[in-house]
Trainee: 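Quick one: structure below, then a few questions.
In what follows, chains carry the letters A, B, and so on, assigned in the order in which the sequence lines appear, proteins first and then strands, with residues in each chain numbered from 1.
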There are 2 protein chains.
Amino acid sequence: MPKALPVIDATAPVCCAPVAAAPMGEEAALEVAVRLKALADPVRLRLLSLLLAGEEVCTCDLAPAVGLTEATVSHHLGQLKKAGFVSGERRGMNVYYRAHRDALGAIAQVIDPACC
Amino acid sequence: MPKALPVIDATAPVCCAPVAAAPMGEEAALEVAVRLKALADPVRLRLLSLLLAGEEVCTCDLAPAVGLTEATVSHHLGQLKKAGFVSGERRGMNVYYRAHRDALGAIAQVIDPACC
DNA sequence: CCACCTACTTGACGTACGTCAAAGACCTTG
DNA sequence: CAAGGTCTTTGACGTACGTCAAGTAGGTGG
């Protein structure tokens, strides 16, 4: 990662051939890697599963659920949002987050060698 | 990650409920996260796709394919091996690596919200 | 308008990661 | 055994990441 940090937009679901389909190009690998990196954290996985369980959850409920500061949770949610896995909407005093199942399914299909 | 680094064995395919099934426990999240972290790198994704394309490939062929030092490629292959995605076997002067499709499929199923 | 609450941003700290050069380990061929 | 090729390990360097404390922005209610 000491490579020049490539800032790319990853808010949309991945759209590229599965890993097993053919040798990946450098750009395609990066597209997949940035999204996987967003998922490759225990806290973010737990946040995602909480969001997938309930329809909408606000930060104030998520923070105690994972046992971390609201600041830290906000940071993780920001990472997930940048990767397109969640989106948040402010309603009143709270911000309600929602998981995007399609984005999750898309990255899963890229990884799965059986699915294609 | 400043948390006490938890050294766990991840050589076997993941075996836990999908993320969407129910709120993940701390241990389950870690099991998935360490494997995803191994996958969350452009170089390792390219190496995996190269291994999935051919049956067996040796380091000497992989290094030039990704444009990195053999030392670096060896390090990445070690990461993938620790995560159970590949395994290498020495035959003569070369070490031949092979991808494990089942381990890849297992982590894909855990991620996919549709698959369960 | 003034407290007050929720959520995000900033700065700082320590740890982990990716990379390479150099040295070591393993095997084969003369 | 010596020479050479292939891989892995070690050490070092710079960058990125996760975490929190503190400060700021946005919204509500007296």
Side-chain angles (χ1 to χ4, degrees), chain A residues 1-8 10 26 29-30 33-48 51 56-83 86-98, chain B residues 1-8 10 26 29-30 33-48 51 56-83 86-98:
Chain A
M1 202 164 313
K3 276 297 175 57
L5 75 163
V7 184
I8 67 176
E26 213 160 336
L30 208 141
V34 293
R35 277 163 248 248
L36 283 178
K37 213 179 284 278
L39 253 52
D41 184 279
V43 174
R44 289 198 281 269
L45 285 173
R46 292 178 66 198
L47 290 174
L48 253 183
L51 290 172
E56 288 189 330
V57 192
C58 71
T59 312
C60 58
D61 289 335
L62 290 173
V66 298
L68 291 174
T69 311
E70 291 181 9
T72 302
V73 171
S74 183
H75 168 237
H76 285 304
L77 289 171
Q79 300 279 107
L80 288 173
K81 189 193 292 188
K82 272 201 313 182
V86 308
S87 63
E89 178 195 358
R90 170 150 231 150
R91 250 201 324 277
M93 222 159 17
N94 302 321
V95 175
Y96 291 94
Y97 280 91
R98 173 197 305 275
Chain B
M1 204 162 319
K3 276 298 171 60
L5 76 163
V7 184
I8 68 175
E26 213 161 335
L30 208 142
V34 293
R35 278 162 247 250
L36 282 178
K37 213 181 284 278
L39 252 52
D41 185 280
V43 175
R44 290 199 279 270
L45 285 173
R46 292 179 66 197
L47 290 174
L48 254 183
L51 290 172
E56 288 190 329
V57 192
C58 71
T59 313
C60 58
D61 290 335
L62 290 173
V66 298
L68 290 174
T69 311
E70 292 181 9
T72 302
V73 170
S74 183
H75 168 239
H76 284 304
L77 288 171
Q79 301 279 107
L80 288 173
K81 189 193 291 186
K82 272 201 314 182
V86 308
S87 62
E89 178 194 358
R90 171 150 230 149
R91 250 199 327 274
M93 218 156 24
N94 302 320
V95 175
Y96 291 94
Y97 279 91
R98 173 197 306 274

Trainee: So, do L48(B) and L39(B) sit near enough that their side-chain heavy atoms are less than 4.5 Å apart?
Mentor: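 A side-chain contact under 4.5 Å exists here.
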Trainee: Table please: side-chain donor-acceptor pairs of residues 64-72 of chain B below 3.5 Å, with sequence neighbours left out.
Mentor:
none

Trainee: How is T72(B) classified with respect to the nucleic acid when contacts are heavy atoms under 4.0 Å: base, sugar-phosphate, or nothing?
Mentor: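 Base contact.
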Trainee: Pick base, sugar-phosphate or nothing for V73(A), based on heavy-atom distances below 4.0 Å to the nucleic acid.
Mentor: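 If one applies the 4.0 Å heavy-atom cut-off, V73(A) turns out to touch nothing in the nucleic acid.
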Trainee: Between K81(A) (NZ) and dT9(C) (C1'), how many Å, whole number?
Mentor: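 To the nearest whole Å, that distance equals 13 Å.
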Trainee: Take the protein atom NE2 of H75(B) and the nucleotide atom C1' of dT9(D), then report the distance between them rounded to whole Å.
Mentor: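 My rounded result for the distance is 11 Å.
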Trainee: Would you please confirm or rule out a distance under 4.0 Å between OP1 or OP2 of dT8(D) and any side-chain N or O of T59(B)?
Mentor: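 For dT8(D), OP1 or OP2 has a side-chain N or O of T59(B) closer than 4.0 Å.
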Trainee: What integer distance in Å separates Y96(B):OH from dT8(D):C1'?
Mentor: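 So the two atoms are 17 Å apart, to the nearest Å.
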Trainee: Which of the following nucleotides, dC20(D), dG18(C), dC17(C), is nearest to the side chain of L68(A)?
Mentor: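 Closest nucleotide to the L68(A) side chain: dC20(D).
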Trainee: Please tell me if N94(B) has a side-chain N or O lying less than 4.0 Å from either OP1 or OP2 of dG5(D).
Mentor: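 Negative; the distance criterion is not met.
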Trainee: Would you list the protein and nucleotides 23-27 of chain C atom pairs, both N or O, that sit under 3.5 Å from each other?
Mentor:
none

Trainee: Just jot down the side-chain contact (heavy atoms from CB on, under 4.5 Å) partners of T59(A), sequence neighbours excluded, or say none.
Mentor: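 Partners of T59(A) by the side-chain contact (heavy atoms from CB on, under 4.5 Å) criterion, ordered by chain and then number, come out as V73(A), L77(A), Y97(A).
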Trainee: With sequence neighbours excluded, tell me which residues meet salt bridge (Lys or Arg N to Asp or Glu O under 4.0 Å) with R35(B).
Mentor: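 Result, salt bridge (Lys or Arg N to Asp or Glu O under 4.0 Å) vs R35(B): E31(B).
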Trainee: In whole angstroms, how far is the C1' atom of dT9(D) from the NZ atom of K82(B)?
Mentor: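 My rounded result for the distance is 13 Å.
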Trainee: Check whether any side-chain heavy atom of N94(A) sits under 4.5 Å from a side-chain heavy atom of D61(A), and report yes or no.
Mentor: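 No. Closest side-chain heavy atoms not under 4.5 Å.
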Trainee: Select one nucleotide: of dT8(D), dG18(C), dC7(D), the one nearest the side-chain heavy atoms of C58(B).
Mentor: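 Within the option list, the nearest is dC7(D).
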Trainee: Kindly write out the residues that satisfy salt bridge (Lys or Arg N to Asp or Glu O under 4.0 Å) with R98(A), not counting sequence neighbours, or none if the list is empty.
Mentor: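 Applying salt bridge (Lys or Arg N to Asp or Glu O under 4.0 Å) to R98(A) gives E55(A), E56(A).
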Trainee: Rounding to an integer number of Å, can you tell me how far K37(B) NZ sits from dT15(C) P?
Mentor: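 Distance check: K37(B) NZ to dT15(C) P gives 16 Å.
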Trainee: Under 4.0 Å between a side-chain N/O of T69(B) and OP1 or OP2 of dT19(C), yes or no?
Mentor: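 False: T69(B) side-chain N/O out of range (4.0 Å or more) of dT19(C) OP1/OP2.
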Trainee: How would you label the contact of H76(A) with the nucleic acid (heavy atoms, under 4.0 Å): base, sugar-phosphate, or nothing?
Mentor: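 Sugar-phosphate, no base atom in range.
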Trainee: If the condition is side-chain hydrogen bond (donor to acceptor under 3.5 Å, both in side chains), which residues does H76(B) pass it with, not counting sequence neighbours?
Mentor: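 H76(B) satisfies side-chain hydrogen bond (donor to acceptor under 3.5 Å, both in side chains) with R44(B) once adjacent residues are dropped.
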Trainee: Expressed in angstrom and rounded to an integer, what is the separation of L62(B) atom CG from dT8(D) atom C1'?
Mentor: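 Spelled out: CG on L62(B) to C1' on dT8(D) is 15 Å.
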Trainee: Would you indicate what Y97(B) reaches in the nucleic acid, counting non-hydrogen atoms under 4.0 angstrom: base, sugar-phosphate, or nothing?
Mentor: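 Sugar-phosphate contact only - Y97(B) comes under 4.0 Å of backbone atoms but never of a base.
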Trainee: Would you compute the distance between atom SG of C58(A) and atom CD of E89(A) and round it to the nearest 0.5 angstrom?
Mentor: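 Answer for the SG-CD pair, C58(A) versus E89(A), is 13.0 Å.
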Trainee: Whole-Å distance between dG18(D) P and L39(A) CG?
Mentor: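 Nearest whole value for this atom pair: 12 Å.
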Trainee: On DNA chain D, does the nearest nucleotide to A71(A) precede the nearest nucleotide to R44(A) from the 5' side, or the other way round? Give the residue.
Mentor: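 The residue whose closest nucleotide sits nearer the 5' end is R44(A).
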Trainee: Atom CD of E70(A) to atom P of dC8(C): distance rounded to whole Å?
Mentor: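 Distance, rounded to whole Å: 9 Å.
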